[in-house]
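Chain letters run A, B, ... following the sequence lines, proteins first and then strands; every chain starts at 1.
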There are 2 protein chains.
Amino acid sequence: MLCGMAKNEVKIRDKMITSRRLIAAVGSLLAREGFKGVGVNAVAREAGVDKKLIYRYFGGLPGLIGAFGKEGDFWPSLLELAGGDLQAFGRMPLEDRLSAFSRNFIAALRRRPLTVAIMAWEVVEANELTRELEAVREERIMDFFRMFFVSELPDEDRQAGIMIVGAGVNYLLIRSGHIDIYGGIGLVTDDDWDRIAAGIDRLIEGLIG
Amino acid sequence: MLCGMAKNEVKIRDKMITSRRLIAAVGSLLAREGFKGVGVNAVAREAGVDKKLIYRYFGGLPGLIGAFGKEGDFWPSLLELAGGDLQAFGRMPLEDRLSAFSRNFIAALRRRPLTVAIMAWEVVEANELTRELEAVREERIMDFFRMFFVSELPDEDRQAGIMIVGAGVNYLLIRSGHIDIYGGIGLVTDDDWDRIAAGIDRLIEGLIG
DNA sequence: ACAACATATCACCACTCGGTGACAAAAATC
DNA sequence: GATTTTTGTCACCGAGTGGTGATATGTTGT
């Protein structure tokens with residue numbers, strides 16, 4: 001018997017490829033199992049690689065998570081939040097702008113289940129990934145508001161009102177992973193989220209008008 | 001040497017007392033460590049009792065958690081949400097009523113850190129305790145709305161708007177356990193929460209007027 | 001006093017967790 | 001072709017998890 005490898009191909013050895021497999025494993029595990037499933041052993045198993053390499057290449061799980069955080073497009077860009085056209089967005093009346101923003105925001109996050117999973121993680125604990133996301137979000141959101149809203153919305157109470165609505169949307173998005181209905185509001189279908197957006201429209205309408 | 005018990009008192013054996021110690025241990029552990037600290041071993045250690053008794057008396061941790069859930073005053077009553085006087089509350093103008101409700105709601109939950117801890121737990125997983133709380137809440141909130149608001153607020157969008165604001169408050173309360181500031185809003189002092197309530201007032205004002 | 005029973009403790013199981021040192025195999029270098 | 005370096009695997013550690021059977025001890029009834 002020359003060699004027992006009947007069906008196993010020759011295993012190539014490449015640090016880059018292996019690193020990427022590990023990073024990708026964090027993502028798929030996070031999407032499939034939620035943050036509870038993201039551990040050293042599970043990630044290594046998912047990547048089909050020995051866990052030792054997590055320590056060799058990333059110094060540990062936090063390092064790997066940090067690397068994952070820097071790779072991904074977790075938070076929508078200004079452009080996406082503005083609906084694809086910053087100039088046109090800037091020319092809209094304030095009320096329409098806020099309404100469009102809320103719809104874009106919801107759509108952007110519904111398109112990013114990983115981001116929602118990380119947001120759920122934030123609620124529970126702080127780690128490389130949540131800090132990363134938190135920093136980017138704080139920066140983007142604040143930029144966005146400075147750019148498009150603050151000058152026309154100097155009232156502190158109204159600014160707080162908008163943040164509260166944003167917090168509500170975050171909450172509903174996070175919980176939509178585990179429940180189908182909250183306080184009589186559906187959290188599943190596109191229509192459900194249209195109704196939520198309509199509710200937000202009413203809130204904005206009142207806040208501005 | 002007759003008996004080695006120098007400082008240990010005679011250990012009395014009482015099923016009721018031990019059960020209560022276990023239930024109380026769930027509470028203090030939940031308050032001190034958060035839901036992550038609530039495990040069979042930790043609860044038994046906290047109660048100063050063998051973990052076997054959790055299985056004998058409650059059939060396991062879920063049973064114990066369920067018992068804990070039924071013991072506590074986790075969710076504010078209608079009376080508390082109405083500010084102590086249902087009649088007077090019912091006679092207020094709608095806008096004042098909603099404003100008072102939001103302030104009472106915030107105060108009631110800030111007074112119940114355990115409830116907030118359970119709400120954080122809800123985000124992560126479903127168990128006896130979260131299901132219990134969820135059921136009570138859904139029932140109370142819906143009752144409250146049917147009783148005081150629905151007849152004057154038939155608009156579905158406006159109802160959704162109020163729920164979104166409530167969701168936002170939940171989110172801010174939960175996150176106040178780990179962070180001090182969110183989107184520029186402080187989450188620590190009484191003044192911080194007054195500002196949040198003021199923001200909600202603006203939202204309500206617009207929603208009704 | 002003794003037996004019967006309820007109550008509590010203990011030792012132990014199989015398992016998972018994060019983490020590491022020793023070693024094999026492939027690649028790169030000489 | 002031989003040697004060194006990189007890449008990967010394996011076996012193992014200590015600590016902690018949920019869970020259980022055997023056993024000791026306090027309580028109660030006769």
Side-chain angles (χ1 to χ4, degrees), chain A residues 1-26 29-30 33-68 121 124-125 127-129, chain B residues 1-26 29-30 33-68 121 124-125 127-129:
Chain A
M1 227 188 247
L2 292 165
C3 175
M5 291 202 176
K7 37 182 80 170
N8 259 341
E9 307 146 20
V10 185
K11 296 206 175 180
I12 60 161
R13 302 192 161 195
D14 186 313
K15 185 175 180 176
M16 273 302 132
I17 292 178
T18 307
S19 301
R20 281 203 212 100
R21 294 184 92 185
L22 281 168
I23 291 176
V26 172
L29 218 46
L30 186 56
E33 317 262 359
F35 57 86
K36 279 193 147 189
V38 180
V40 180
N41 297 287
V43 170
R45 202 182 313 124
E46 176 81 13
V49 149
D50 196 275
K51 61 178 170 180
K52 180 72 186 262
L53 302 181
I54 295 176
Y55 297 94
R56 230 210 284 292
Y57 294 156
F58 301 97
L61 192 57
L64 173 55
I65 288 176
F68 172 71
W121 207 345
V124 175
E125 62 179 357
N127 60 46
E128 303 280 332
L129 187 47
Chain B
M1 229 187 243
L2 292 165
C3 175
M5 292 203 175
K7 35 184 81 171
N8 260 341
E9 306 146 21
V10 185
K11 296 204 174 180
I12 60 163
R13 301 190 161 197
D14 185 311
K15 186 175 179 174
M16 274 303 133
I17 292 178
T18 307
S19 303
R20 281 202 213 101
R21 294 185 90 184
L22 280 169
I23 291 176
V26 172
L29 217 46
L30 186 56
E33 316 263 359
F35 58 86
K36 280 193 151 189
V38 181
V40 182
N41 297 289
V43 170
R45 201 181 316 123
E46 176 82 12
V49 149
D50 195 275
K51 61 178 170 179
K52 181 72 186 258
L53 303 181
I54 295 176
Y55 297 94
R56 228 210 284 294
Y57 295 154
F58 300 96
L61 192 59
L64 173 56
I65 288 176
F68 172 71
W121 206 346
V124 174
E125 63 179 356
N127 59 46
E128 303 281 331
L129 187 47

- Any donor-acceptor N/O pair under 3.5 Å between dG8(D) base and Lys52(A) side chain: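 In this structure, the two groups form no donor-acceptor pair.
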- Query: Quick one: does Arg56(A) reach the base of dT7(D) with a side-chain donor-acceptor pair under 3.5 Å?
  - Reply: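 In this structure, the two groups form no donor-acceptor pair.
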Rounded off to whole Å, could you give me the [atom1]-to-[atom2] distance for the [X] and [N] pair?
{"X": "Lys36(B)", "N": "dG16(D)", "atom1": "NZ", "atom2": "P", "result": "16 Å"}
{"X": "Asp14(B)", "N": "dT9(C)", "atom1": "CG", "atom2": "P", "result": "13 Å"}
{"X": "Arg20(B)", "N": "dT7(C)", "atom1": "CZ", "atom2": "P", "result": "14 Å"}
{"X": "Leu29(B)", "N": "dT17(D)", "atom1": "CG", "atom2": "P", "result": "11 Å"}
{"X": "Ile54(B)", "N": "dT9(C)", "atom1": "CD1", "atom2": "C1'", "result": "14 Å"}
{"X": "Arg13(B)", "N": "dT25(D)", "atom1": "CZ", "atom2": "C1'", "result": "4 Å"}
{"X": "Ile17(B)", "N": "dG26(D)", "atom1": "CD1", "atom2": "C1'", "result": "14 Å"}
{"X": "Lys15(B)", "N": "dT25(D)", "atom1": "NZ", "atom2": "P", "result": "22 Å"}

What's the closest nucleotide to the side chain of [X] if the choices are [options]?
{"X": "Asn41(B)", "options": "dG18(D), dT27(D), dT7(D)", "value": "dG18(D)"}
{"X": "Arg45(A)", "options": "dG19(C), dT7(D), dC17(C)", "value": "dC17(C)"}
{"X": "Lys51(A)", "options": "dG18(C), dT9(C), dG8(D)", "value": "dG18(C)"}
{"X": "Val49(B)", "options": "dG19(C), dT9(C), dT7(C)", "value": "dT9(C)"}

- side-chain contact (heavy atoms from CB on, under 4.5 Å), paired with Ile54(A), selected from Val26(A), Leu22(A), Val49(A), Asn41(A):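 Exactly one option meets the side-chain contact (heavy atoms from CB on, under 4.5 Å) with Ile54(A), and it is Leu22(A).
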- Query: Any side-chain N or O of Thr18(B) less than 4.0 Å from the OP1 or OP2 oxygen of dT7(C)?
  - Reply: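 False: Thr18(B) side-chain N/O out of range (4.0 Å or more) of dT7(C) OP1/OP2.
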- Query: Side chains of Trp121(A) and Val38(A): does their closest heavy-atom pair fall under 4.5 Å?
  - Reply: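 Touching, per the 4.5 Å side-chain cut-off.
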- Indicate yes or no: at least one non-hydrogen side-chain atom of Arg56(B) is less than 4.5 angstrom from one of Leu53(B).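 Of all side-chain heavy-atom pairs linking Leu53(B) with Arg56(B), at least one is under 4.5 Å.
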- Query: Hey, mind stepping through Tyr57(B) and Leu64(B) against side-chain contact (heavy atoms from CB on, under 4.5 Å) and telling me if it holds?
  - Reply: CA-CA 8 Å; Tyr57(B) 295 154; Leu64(B) 173 56; over 6 Å; no
- Message: I want to confirm an ordering. Mapping Asp50(B) and Met16(A) to their closest nucleotides on DNA chain D, which one lands closer to the 5' end?
- Response: Met16(A)
- Going from CG on Leu30(B) to CD on Glu46(B), what distance comes out if it is rounded to the nearest 0.5 angstrom?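 If I round to the nearest 0.5 Å, the distance is 11.0 Å.
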